[in-house]
Number of protein chains: 2
Amino acid sequence: MANLQDVAKRAGVSIATVSKVISNTPYVAEATRQKVLDAIQELGYRPNLAARALSSGKTHIVAVVFPYVYDALFKDPLVLAILEGVESVLNAHKYNLLLSTPRLSEDGIDESYFNLLESGYVDGLIAIDSVPLASVAQAAQARKLPTVVIGYHEAPMSVRCDDFQGGALLMEHLLGLGHRQIGVISVPKSMNLAVNQRLRGMAQVCTEHGVDFEALPIVEGDFSNRGGAQAAEHLLSQHPQLSALVCVNDRMALGAIQRLQQLGLRIPEDVSVVGYDNLAQSEFSGPPLTTINQHAVTLGQSAAEMLFLALAGQQPAPRVLAPTLVVRQSTAQARPHLAIELTRKE
Amino acid sequence: MANLQDVAKRAGVSIATVSKVISNTPYVAEATRQKVLDAIQELGYRPNLAARALSSGKTHIVAVVFPYVYDALFKDPLVLAILEGVESVLNAHKYNLLLSTPRLSEDGIDESYFNLLESGYVDGLIAIDSVPLASVAQAAQARKLPTVVIGYHEAPMSVRCDDFQGGALLMEHLLGLGHRQIGVISVPKSMNLAVNQRLRGMAQVCTEHGVDFEALPIVEGDFSNRGGAQAAEHLLSQHPQLSALVCVNDRMALGAIQRLQQLGLRIPEDVSVVGYDNLAQSEFSGPPLTTINQHAVTLGQSAAEMLFLALAGQQPAPRVLAPTLVVRQSTAQARPHLAIELTRKE
DNA sequence: AGCGCATAGTTAAGCGTTTAACGGAGCTTG
DNA sequence: CAAGCTCCGTTAAACGCTTAACTATGCGCT
């Protein structure tokens, strides 16, 4: 592979001149500039990024951090949508994307994550930071890395979709349809700060409507389809009077729907089900899912754009997106509820 | 941030000695070694990877390449599963994962991809290489980067799940259930080499059973839920006698099922539907989908393991995984078919 | 003519590592 | 006791780039 020296020799100039041509520094004669460009062409020269990084301190790499807690976070299609948004902006800026998935546990964060932070390999960092356990972003900020947080940990630069409002919208929808016997499928409080906000939003709206949110039956799942299915079965076998199910994410909602249907319940005639996320697939479930769109792609884009502003020396303001309610066919007016026999299948 | 020099000074030795301690070179006295380790501890020293990369030529970064053709390939949950497999192995080896999504078009490959290949930033590369248009892996091999191909382009190191056999398994299943009026939902031939293999496998089995595969009605989608839905509607309105639908991926199958149900058809009583991929969500659709498990996570793991073998100087043999048929509730015995009125909804 | 200034190009230091080459100290050995 | 080990540590070059500091040239002014 050709290096600057080769190019310089071929063009009959010094290394510094070549470097100036490449970096578009002024005060290079047009003729020289052409000679250099030709030499670059002929040799197929490409800069060595490691050398450039060492010398300039800029790597053109942004780390995207998805903590790995109980499971790979990026398995969630929602996270994927965020990644898609980040990728599009990074790509447009010709930056590379380094996917980091530090293992989180009670003992703290994976040691090799710190190595990465201090390696000089990354110019900036975008982190999904929703786990109460530990903040992957704080670790980065402490090391003076420009960091954008997607989530609820405190940070000078952050983006999020208002989960409180999202929860509120969802609950308003259900209450508006006349539902009062509502089951909740959530995750353990220690799992996710965003989910906790959603629950708070729901509680608030309930209070406004004279419903005691705390009294509603709640089961904790693990974000997965299977978790939702199990939770739904559990809820309806214990509380057959329920006319609606709120799930804190779409995957659990989809799992719930499928299980309830297997148990002979009709959605939404017998039970209304809502999710949260608006995954692509949620539009094509049977029935299509009523849910909250948290604009994940935009979330990712915003995060990346903020990071670039910061890298350009500016101080972008935190951004909070407004969630939107997407009403589809998994919810319907609450009917005077008939007791329903649950035919347990497993 | 502390560097080798600082550590050396603190430990009262030379830079070279510190470096030797770090790289576990023999012939360092135990006492010195301890002094150095202490100094490292006290200063919180972490190696600068850019410098290390420049000096040693090793970056400890592996690029995972998902070409971006019509759309971001990594949006597909299947690709995500592959990514999960790759990530787990990379993480175990303490390697970093750089996600590269070069834009592919008729004009060839995105220029910045070549910059990456020759940047000296990556030690090796794992590429999903299933697009006939162009091979992202060949470009890498031409530049002497250790490269593992997931897919059908020729390469010294490659992994794949036997798509021919997968297609065959799927068709055998349907024919075995007595289906003869089968519709096919595929993608344009120019889109994906793996899919083409699946179709060949199906055709072969059809021939063995005296069915003319070429004569079966076929519609081309775009891998998406929506594409599957539209294709299914199109197929059944043109060919109401169909008793089964083969889709070349799960997403289209799920979209198809949903649309057919909307049109008043029962799955599998009226129409059997099969997919390909065995996505996590396919187990939780209504009804759960009969499909082919192509062991995506294992695929990713194998690719990463092969790459590490190659980096260690070995020459791993190509690997072909055997697909497995997963029978769920979206397929049933073909019944004497009643003509079904399609109520078009859109 | 002599000064200042804009333009064009070069020299050389430095980024933080790795590593080959070297040398000294303390052994064994014939 | 000199030669030849082994063991431990140092010196210095190299990786390929960026960039501050410098030199040189030509031009317009007074």
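By convention in this document, chain letters (A, B, ...) are assigned in the order of the sequence lines, proteins followed by strands, and residues within each chain are numbered from 1. These figures come from a predicted structure and were not determined experimentally.
- Remark: B/Asn115 CG to B/Tyr121 OH distance equals 12.0 Å, nearest 0.5 Å.
- Scanning residues 3-26 of chain A for heavy-atom distances under 4.0 Å to DNA chain D yields A/Asn3, A/Leu4, A/Ile15, A/Ala16, A/Ser19.
- How far OG of A/Ser14 is from CD of A/Gln5: 11.0 Å, rounded to the nearest 0.5 Å.
- The side chain of A/Arg52 places an N or O atom within less than 4.0 Å of a non-bridging phosphate oxygen (OP1 or OP2) of D/dT18.
- Residues B/Lys35 and B/Glu42 are not paired through a salt bridge, judged by the lack of any N-O separation under 4.0 Å between the basic side chain and the carboxylate.
- Remark: the backbone N or O of A/Val136 is paired with a side-chain donor or acceptor of A/Asp129 at under 3.5 angstrom.
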Close N/O contacts between protein and nucleotides 22-24 of chain D (under 3.5 Å):
none

Stepwise, does the side chain to side chain donor-acceptor pair (under 3.5 Å) test hold for A/Asn196 with A/Tyr152?
CA-CA 10 Å; A/Asn196 296 350; A/Tyr152 282 86; over 6 Å; no
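- Between atom CG of residue A/Asn91 and atom OG of residue B/Ser112 there is a gap of 6.0 Å, rounded to the nearest 0.5 Å.
- Extent of DNA chain C lying under 4.0 Å from chain A heavy atoms, first and last nucleotide in 5' to 3' order, is C/dT7 to C/dG16.
- The stretch residues 28-36 of chain A has no heavy atom under 4.0 angstrom from DNA chain D at all.
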Could you go through B/Leu83 and B/Leu97, starting from their C-alpha distance and side-chain angles, then the distance that decides it, and tell me whether this counts as side chain to side chain contact (heavy atoms under 4.5 Å, CB included)?
CA-CA 10 Å; B/Leu83 186 61; B/Leu97 190 163; 4.0 Å; yes
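- Distance A/Leu43 CG to D/dG16 P: 14 Å, rounded to the nearest Å.
- The structure places SG of B/Cys161 at 5.5 Å from CD of B/Gln294, a figure rounded to the nearest 0.5 Å.
- Applying the ring-ring contact (aromatic ring centres under 6.0 Å, His included) definition to pairs two or more places apart or across chains, those involving residues 43-68 of chain B are B/His60-B/Tyr95.
- Taking the side-chain hydrogen bond (donor to acceptor under 3.5 Å, both in side chains) definition, one finds that B/Asn48 meets it with nothing, sequence neighbours left out.
- Side-chain contact between B/Glu305 and B/Val148 is absent, with no heavy atoms from C-beta onward closer than 4.5 Å.
- Once rounded to the nearest 0.5 Å, the distance linking CD of B/Gln141 with CG of B/Leu117 reads 10.5 Å.
- For B/Tyr27 and D/dC8, the shortest distance from a side-chain N or O to OP1 or OP2 is not below 4.0 Å.
- The side-chain heavy atoms of A/Leu99 and B/Val64, taken from C-beta on, include no pair separated by under 4.5 Å.
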